[in-house]
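Encoded as structure tokens, the structure appears first; notes follow it.
First listed ligand is number 1; within each ligand, the first listed atom is number 1. Since the structure is predicted, the reported quantities are computational estimates derived from the model, not experimental observations.
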Amino acid sequence: REGRGQEPWERSEAGGVNANAQHLHHSPVSSPTEELRKDKRRIQHGSPCFVYTLAFFSALGGFLFGYDTGVVSGAMLLLKREMNLSSLWQELLVSITVGAAAVSSLAGGYLNGLYGRRICILLASFIFSAGGIILSVAHNKEVLLCGRLTVGLGIGIASMTVPVYIAEVSPSELRGQLVTINTLFITGGQFVASVVDGVFSYLPHDGWRYMLGLSVVPAALQFLGFLFLPESPRWLLQKGDTQNARLVLSRIRGGVNVDEEYERIRSSIEEEKIDAGEGPVLWRILTFAPTRRALIVGCGLQMFQQLSGINTVMYYSATILQMSGVQDDQMAIWLAAATAFTNFLFTLVGVWLVDRVGRRKLTLGSILGTAVSLMVLAAGFLLSAQASPPVTFHPNDPSLHNSTCITYGLCESCMLNPDCGFCYGKNGTVVIESSCMPVDAASTEAAAAGRCSNGTQESLGVFWAYNYCPTSYSWIVLLGLILYLAFFAPGMGPMPWTVNSEIYPLWARSTGNACSAGVNWICNVLVSLTFLHLAQCLTYYGAFFLYSSLALLGFVFVVGCLPETKGLRLEEIEPLFGRQLCSCGAGGSQSVHYIRVNGGNYRSDEDVTDDE
Ligand SMILES: O[C@H]1[C@H](O)[C@@H](O)[C@H](O)[C@@H](O)[C@H]1O
């Protein structure tokens with residue numbers, strides 16, 4: 001398109017670059033005219049009831065994504081004892097799911113283009129069900145690994161298909177909210193997983209079978225639901241199935257007249273066919289400037305979501321809470337559920353805000369707040385490290401002579417070695433007679449030898465701290481954790497998924513989403529696998545300062561590159577990427593509407609106001 005002299009899309013704010021452009025301004029704050037317009041659209045789109053049903057059944061994919069990634073930590077506590085798992089096997093069982101999700105999300109782009117969204121969702125729910133069954137009947141670690149891999153394949157396909165499907169069936173004024181519901185379901189899945197972990201942790205034998213197997217229920221529900229739910233009308237139209245596309249669109253819109261919407265999608269697909277060029281889709285995306293920019297924005301958002309450390313914070317929330325003085329392990333499990341619930345609750349705020357304040361402002365506020373909260377977390381860890389209690393007691397047990405644990409002089413360095421824990425007594429609030437001991441091979445809840453070989457025994461005045469040090473600055477860490485979730489969950493949690501579902505033209509949508517979801521999963525693996533090493537090299541506060549700097553970098557990226565897509569139709573979004581990448585974000589806050597002027601100049605149904 002570039003260099004053709006005339007852009008098929010014109011920005012009304014562009015200073016009249018093309019005199020043919022019809023334009024429509026509308027203020028970021030809801031004016032009475034805008035409200036009227038919204039009412040008119042609502043009437044035109046009929047009852048959104050069916051769309052909500054579609055969103056619900058699709059978002060079960062998000063629920064399974066959250067459940068299967070969240071449930072494993074609790075299951076692992078039981079599994080490692082029952083199956084005598086080495087730490088290599090534990091790491092394998094946790095990360096194979098995320099790794100498989102990375103691969104299958106990339107493959108999902110191809111499958112989506114070929115077989116459509118509906119078949120992909122059916123496939124994902126079938127794979128989820130199969131994975132759940134394999135996991136619940138597994139009798140050895142190899143079968144478990146196979147189950148975790150299967151579940152990961154389902155997660156990857158669902159993670160890239162569901163947002164695309166919801167975006168394609170939603171009316172534009174509800175799109176942000178409905179796609180964000182998918183992330184609400186992800187965090188809901190993580191919360192339910194943590195409750196299930198809590199409940200079944202009281203069932204030491206086979207409790208993990210229930211934890212891992214319960215996901216079959218929502219997976220089967222989604223599969224059954226999608227047997228009766230329709231394909232995306234946009235995909236049908238793209239494949240030339242015009243009759244079904246019109247039927248489905250009319251069904252989704254509650255039987256009202258869909259001629260205008262249908263024609264608009266059809267003509268935009270026609271135009272895309274001319275624009276899209278030749279060769280593999282990824283190649284075409286990369287060689288066509290607007291889609292290339294959209295891909296950079298989409299992948300960048302997903303990358304910064306993971307680099308700002310959400311999964312580390314979630315995973316280590318139990319540790320963070322233990323630092324704050326929660327000594328009891330059962331209690332820590334329930335407090336981790338409280339963390340997951342907080343994440344869920346603040347995602348709900350995001351659902352409420354996304355179509356009100358828009359994607360750009362929400363993401364900006366969220367990532368800035370995330371960066372500041374990470375600094376608070378880091379400061380809490382720094383102060384705790386500076387006040388770290390020294391090792392004052394060196395037990396004379398010959399079995400310990402080869403252990404590196406006894407070489408540490410401070411709790412801080414002892415705690416950063418995953419093979420060691422801190423064993424201490426208390427005189428009031430003062431730590432006394434403290435030693436650094438190797439951890440028991442069977443459980444991190446006790447030392448391999450000495451006073452703490454039975455774990456914490458308050459009645460004897462003996463305390464065992466694995467992964468944390470007793471500190472009086474823990475409240476700062478706790479404050480940082482709460483602030484982090486409050487800022488991250490409404491914006492940086494859902495927006496990367498929501499924005500990606502809408503920024504690509506139809507021909508590039510599945511491939512664009514596959515790539516950005518792939519980036520999300522790859523960064524997820526990277527961050528989770530490197531955290532412990534990072535903490536050992538840089539300490540906890542160093543690691544969190546690093547995440548904070550990365551979040552600040554993300555802020556700059558969002559300021560420059562993320563345009564506002566609120567209220568625009570999917571067919572109206574591509575031209576937002578018509579300018580240089582770093583200036584794509586500049587026009588975002590103006591909420592300008594675009595109207596296609598190629599061929600017959602289309603008037604949108606909003607072109608009825610006097611501000612034309
Ligand atoms: O958007 C989600 C959500 O924020 C989850 O809490 C997180 O675990 C995922 O990695 C992320 O993609």
Side-chain angles (χ1 to χ4, degrees), residues 59 61-73 94-95 97-102 105 151-152 155-163 166 176 179-194 298-318 336-351 354 359 362-363 366-367 369-370 373-374 481 484-501 513-529 531 547 550-551 554:
F63 181 88
L64 287 159
F65 161 168
Y67 186 88
D68 283 322
T69 47
V71 80
V72 68
S73 52
V94 174
S95 37
T97 305
V98 185
S105 61
V151 159
I155 298 181
I157 299 178
S159 72
M160 61 92 20
T161 311
V162 169
I166 302 182
V179 181
T180 307
I181 284 182
N182 184 47
T183 313
L184 184 71
F185 272 50
I186 299 178
T187 55
Q190 289 171 330
F191 168 59
V192 173
S194 59
C299 293
L301 279 176
Q302 292 286 24
M303 181 181 84
F304 283 116
Q305 179 198 67
Q306 292 300 317
L307 295 189
S308 41
I310 174 65
N311 291 308
T312 320
V313 173
M314 293 275 286
Y315 191 65
Y316 286 90
S317 64
T339 312
F341 184 70
T342 316
N343 192 19
F344 169 77
L345 207 67
F346 282 102
T347 312
L348 200 62
V349 176
V351 173
V354 61
R359 291 56 161 157
L362 192 55
T363 312
S366 166
I367 198 163
T370 299
S373 321
L374 283 165
L481 175 71
Y484 179 92
L485 292 170
F487 278 109
F488 180 91
M492 277 314 280
M495 283 314 104
W497 298 108
T498 305
V499 168
N500 268 290
S501 73
N513 273 277
C515 292
S516 62
V519 167
N520 180 295
W521 290 112
I522 290 167
C523 294
N524 188 331
V525 184
L526 267 179
V527 173
S528 348
L529 287 187
F531 178 72
Y547 293 146
L550 291 170

Numbered atoms and elements of ligand 1 in range of Phe488, under 4.0 angstrom, heavy atoms = 4 (O)

Could you tell me whether some N/O pair between Gly493 and ligand 1 is separated by less than 3.5 angstrom?
-> yes

Counting only pairs under 3.5 Å, give me each side-chain donor-acceptor contact of residues 487-497, with atom names and distances, residues two or more places apart or in other chains.
none

State if Gln302 counts as touching ligand 1 under the rule of any non-hydrogen atom under 4.0 Å.
-> no

Contact atoms of ligand 1, heavy-atom distance to Asn343 under 4.0 Å | 6 (O)

Which bit of Thr69 gets closer than 4.0 Å to ligand 1, counting heavy atoms only: side chain, backbone, both or neither?
-> neither

Nearest atoms (heavy-atom pairs only) where Asn182 meets Pro163 = ND2-CG, 3.9 Å

Looking only at distances, please establish whether an N/O atom of ligand 1 is found under 3.5 Å from an N/O atom of Thr183.
-> no

Heavy atoms only: give me the nearest Ser516-Cys299 pair and the separation to one decimal.
-> CA-SG, 3.8 Å

Shortest non-hydrogen contact between Ala102 and Ser105, atoms and distance = O-OG, 2.9 Å

Is there a donor-acceptor contact under 3.5 Å from the side chain of Asn513 to the main chain of Thr161?
-> no

May I ask you to identify, for Met492, whether its side chain, its backbone, both or neither come under 4.0 Å of ligand 1 on a heavy-atom basis?
-> neither

Identify, by atom number and element, the atoms of ligand 1 in contact range of Asn520, meaning under 4.0 Å from any of its heavy atoms.
-> 12 (O)

Gap between atom CZ of Phe65 and atom CH2 of Trp521 - 0.5 Å precision | 3.5 Å

Should the proximity of Thr347 to ligand 1, defined as any heavy atom under 4.0 Å, be assigned to the side chain, the backbone, both, or neither?
-> neither

Which heavy atom in Gly61 sits nearest to a heavy atom in Val162, and how many Å separate them?
-> CA-CG2, 4.4 Å

For Thr180, which of Val351, Ile166, Leu362 qualifies under side chain to side chain contact (heavy atoms under 4.5 Å, CB included)?
-> Val351

Okay, side chain of Asn500, backbone of Gly298: is any donor-acceptor separation there less than 3.5 Å?
-> yes

Is the shortest distance from a heavy atom of Met314 to ligand 1 less than 4.0 Å?
-> no

Tell me which protein heavy atom sits closest to atom 9 (C) of ligand 1, plus the residue, atom name and distance to 0.1 Å.
-> Gln306 NE2, 4.0 Å

Check Asn343 against Thr347 and note the closest heavy-atom contact, atom names and distance.
-> O-OG1, 2.6 Å

Distance from atom 6 (O) of ligand 1 to nearest protein heavy atom, with residue and atom = Gln190 OE1, 2.9 Å

Please say whether Gln305 places an N or O atom under 3.5 Å from an N or O atom belonging to ligand 1.
-> yes

From the candidates Asn311, Asn182, Ile186, the one that places a heavy atom nearest atom 8 (O) of ligand 1 = Asn311

Distance filter under 4.0 Å to Trp497 heavy atoms, resulting ligand 1 atoms = 1 (O), 2 (C), 12 (O)

